[in-house]
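Below: the structure, in structure tokens.
Numbered from 1 within each chain, the chains take letters A, B, ... in sequence-line order.
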Amino acid sequence: MDKEAFQTDLVQWFQEEQRDLPWRKNNDPYKVWVSEVMLQQTRVDTVIPYYNRFLEKFPTIEAFANADEESILKIWEGLGYYSRVRNLHTAVKEVVADYGGKVPDKKEEISKLKGVGPYTAGAVLSIAYGKPIPAVDGNVMRVLSRILLITDDIARPASRKTFEIAAKGLMYHENPSYFNQALMELGALICTPTSPACLLCPVREHCQAFSKGVQDQLPVKTRKKNTKHEDLLAVVLKNKEGKILINKRPEKGLLANLWEFPNLKVVPLLDKWEILQDFLATEYSIDAVIEHAAFTEVQHVFTHLTWKIDAYEGRVMSGNIKGHESLRFVTEEELEEFAFPVSHQKIWRAYKERAR
DNA sequence: TAGTCGTGGAG
DNA sequence: TCTCCAAGACT
């Protein structure tokens with residue numbers, strides 16, 4: 001193919017057609033980094049308000065480095081993949097401590113930072129520093145698989161190497177930032193997973209898949225997902241002062257360090273209010289009275305897991321949560337300050353709107 | 001390597 | 001309603 005024509009057609013299209021997005025207003029390495037982490041596996045429209053709020057609250061790398069974990073989780077609340085913000089926090093603190101607050105511009109250094117994988121390293125280095133390093137995400141693999149007729153299975157981690165080599169070979173050294181962004185923008189707007197808009201594509205003359213009419217069969221992507229189902233019982237428990245009992249999740253695993261209403265996994269068909277009462281007594285030494293009917297049933301779908309949560313209402317008769325570090329009684333007003341996963345936000349909304 | 005880790009949108 | 005996600009990284 002005519003590499004130079006491909007590069008200029010692609011980049012010129014990007015200059016004319018790129019979307020007006022908040023993180024494209026400047027190339028500050030910290031801001032580029034924040035946007036790239038937020039955009040991991042997350043749609044642009046979802047990220048925009050989070051990005052604006054984030055930089056309003058943490059306008060500089062130092063401001064974010066000095067934040068406490070509760071506040072960084074709260075600002076990420078609802079965005080998902082919460083380890084991203086904890087890793088970013090760890091990495092930013094390291095940049096402030098070891099690099100004087102300047103985001104490293106060397107691949108070997110930036111790649112050592114927590115949460116910075118090959119894609120994010122390439123994106124930050126090219127967009128913020130103009131380095132000719134590929135940034136291979138799902139868009140780029142899809143676009144290149146069609147342009148170059150690459151049939152490697154993009155679901156296999158090993159395939160990334162093939163696409164990195166391809167992207168490096170096509171790199172537009174006059175403007176690596178625009179080149180990388182243009183490949184992704186093309187994937188987002190034109191070269192979409194289903195029904196790509198080839199007739200609007202600025203590089204269709206260079207596209208092998210289009211010339212053969214096989215664009216709908218690329219990229220090759222296998223992988224089946226196994227969705228588990230879990231049934232949970234949760235309780236919104238009030239003490240005599242009207243405070244609500246909440247629990248901090250473990251620091252590792254699903255929804256790490258987020259807050260939730262006390263809950264337990266149950267065997268289907270055996271979920272009854274007695275189980276909750278017994279759970280509170282044996283697990284937390286709390287003597288409680290639980291309403292006999294759930295006030296809501298919440299269904300929540302994760303990538304590889306589904307929760308069905310029956311939520312009950314209850315009152316504390318006696319008990320002491322001292323010794324249970326993860327538990328806390330908070331007022332309804334205070335509760336709003338804690339970061340909850342969406343599934344438990346649903347429970348809280350249903351609780352406040354419940355018929356009594 | 002394959003599994004883990006969220007959420008809301010689109011077809 | 002159901003499937004498949006969307007600018008990935010970590011273990």
Let me know the distance between [atom1] of [X] and [atom2] of [N], rounded to the nearest Å.
X        : N      : atom1 : atom2 : answer
A:Gln40  : B:dT7  : CD    : P     : 16 Å
A:Glu77  : B:dT7  : CD    : P     : 10 Å
A:Asn180 : C:dG8  : CG    : P     : 14 Å
A:Glu260 : B:dG6  : CD    : C1'   : 15 Å
A:Gln41  : C:dC4  : CD    : C1'   : 12 Å
A:Lys114 : C:dC10 : NZ    : C1'   : 11 Å
A:His304 : C:dC4  : NE2   : C1'   : 16 Å
A:Met38  : B:dG6  : CE    : P     : 15 Å

Nearest to the side chain of [X] - [options]?
X        : options              : answer
A:Tyr81  : C:dA9, B:dC5, C:dA6  : B:dC5
A:Pro118 : B:dT1, B:dC5, C:dA9  : C:dA9
A:Tyr119 : B:dG6, C:dA9, B:dT4  : C:dA9
A:Leu254 : B:dC5, C:dG8, C:dC10 : B:dC5

If the threshold is 4.0 Å, N to carboxylate O, is there a salt bridge linking A:Glu185 and A:Arg19? yes
Under 4.0 Å, heavy atom to any atom of DNA chain C: which of residues 24-37 of chain A qualify? A:Arg24, A:Glu36
Per nearest nucleotide of DNA chain C, the residue lying toward the 5' end, A:Gly115 or A:Glu185, is A:Glu185
Assert: residue with more 5' nearest nucleotide on DNA chain C, out of A:Leu39 and A:Ser111, is A:Leu39
Residues two or more places apart in sequence or in another chain: which of them pass ring pair (Phe, Tyr, Trp, His ring centres under 6.0 Å) with A:Trp259? A:Phe338
Which part of the nucleic acid, if any, lies within reach of [X] when heavy atoms closer than 4.0 Å are counted: base, sugar-phosphate only, or nothing?
X        : answer
A:Val116 : sugar-phosphate
A:Ala158 : sugar-phosphate
A:Leu305 : nothing
A:Trp307 : nothing
A:Arg142 : sugar-phosphate

Between A:Glu353 and A:Arg349, does the salt bridge (Lys or Arg N to Asp or Glu O under 4.0 Å) criterion hold? Intermediate values first, please. CA-CA 6 Å; A:Glu353 293 166 7; A:Arg349 275 199 298 276; 5.8 Å; no
With P as the reference atom in both, quote the distance from C:dC2 to B:dC5 in angstrom, rounded to an integer. 24 Å
If I pick the P atom on C:dT11 and the same atom on B:dG6, what distance separates them, to the nearest angstrom? 13 Å
Between A:Tyr82 and B:dT7, is there a side-chain N or O to OP1/OP2 distance below 4.0 Å? yes
Tell me whether the side-chain N/O atoms of A:Lys221 come closer than 4.0 Å to OP1 or OP2 in C:dC4. no
First of A:Arg156 and A:Phe340 reached from the 5' end of DNA chain B, by closest nucleotide: A:Arg156
Comparing nearest nucleotides in DNA chain B, the 5'-proximal residue of the pair A:Ser343, A:Lys228 is A:Lys228
Qualifying ring-ring contact (aromatic ring centres under 6.0 Å, His included) pairs with a residue from residues 175-205 of chain A, counting only residues at least two apart or across chains: A:Phe14-A:Tyr178
Does [X] reach the side chain of [Y], with side-chain heavy atoms less than 4.5 Å apart?
X        : Y        : value
A:Leu305 : A:Glu230 : yes
A:Phe54  : A:Trp76  : yes
A:Leu245 : A:Leu327 : yes

Would you give me the side-chain donor-acceptor pairs under 3.5 Å for residues 140-151 of chain A, sequence neighbours excluded?
{"unit_1": "A:Arg142", "atom_1": "NE", "unit_2": "A:Cys191", "atom_2": "O", "d": "2.7"}
{"unit_1": "A:Arg142", "atom_1": "NH2", "unit_2": "A:Asn139", "atom_2": "OD1", "d": "2.6"}
{"unit_1": "A:Arg142", "atom_1": "NH2", "unit_2": "A:Gly187", "atom_2": "O", "d": "2.8"}
{"unit_1": "A:Ser145", "atom_1": "OG", "unit_2": "A:Met141", "atom_2": "O", "d": "3.4"}
{"unit_1": "A:Ser145", "atom_1": "OG", "unit_2": "A:Arg142", "atom_2": "O", "d": "2.8"}
{"unit_1": "A:Arg146", "atom_1": "NE", "unit_2": "A:Gln215", "atom_2": "O", "d": "3.0"}
{"unit_1": "A:Arg146", "atom_1": "NE", "unit_2": "A:Leu218", "atom_2": "O", "d": "3.0"}
{"unit_1": "A:Arg146", "atom_1": "NH1", "unit_2": "A:Cys191", "atom_2": "O", "d": "3.3"}
{"unit_1": "A:Arg146", "atom_1": "NH1", "unit_2": "A:Thr192", "atom_2": "O", "d": "2.9"}
{"unit_1": "A:Arg146", "atom_1": "NH2", "unit_2": "A:Thr192", "atom_2": "O", "d": "3.2"}
{"unit_1": "A:Arg146", "atom_1": "NH2", "unit_2": "A:Pro193", "atom_2": "O", "d": "3.1"}
{"unit_1": "A:Arg146", "atom_1": "NH2", "unit_2": "A:Gln215", "atom_2": "O", "d": "3.4"}
{"unit_1": "A:Arg146", "atom_1": "NH2", "unit_2": "A:Leu218", "atom_2": "O", "d": "3.0"}

With sequence neighbours excluded, what pairs up with A:Glu334 under the side-chain contact (heavy atoms from CB on, under 4.5 Å) test? A:Val330, A:Thr331
Produce the list of close N/O pairs, under 3.5 Å, pairing protein atoms with atoms of nucleotides 8-11 of chain B; give distances to one decimal.
{"unit_1": "B:dG8", "atom_1": "N2", "unit_2": "A:Arg43", "atom_2": "NH1", "d": "2.6"}

Checking A:Phe64 against A:Val96 for the side chain to side chain contact (heavy atoms under 4.5 Å, CB included) test, could you report, in this order, the C-alpha distance in whole Å, the side-chain angles of both residues, the deciding distance, and whether it holds? CA-CA 10 Å; A:Phe64 182 57; A:Val96 168; over 6 Å; no
Can you list the steps and then say if A:Arg249 with A:Leu254 is a side chain to side chain contact (heavy atoms under 4.5 Å, CB included)? CA-CA 9 Å; A:Arg249 293 178 60 84; A:Leu254 185 67; 3.8 Å; yes
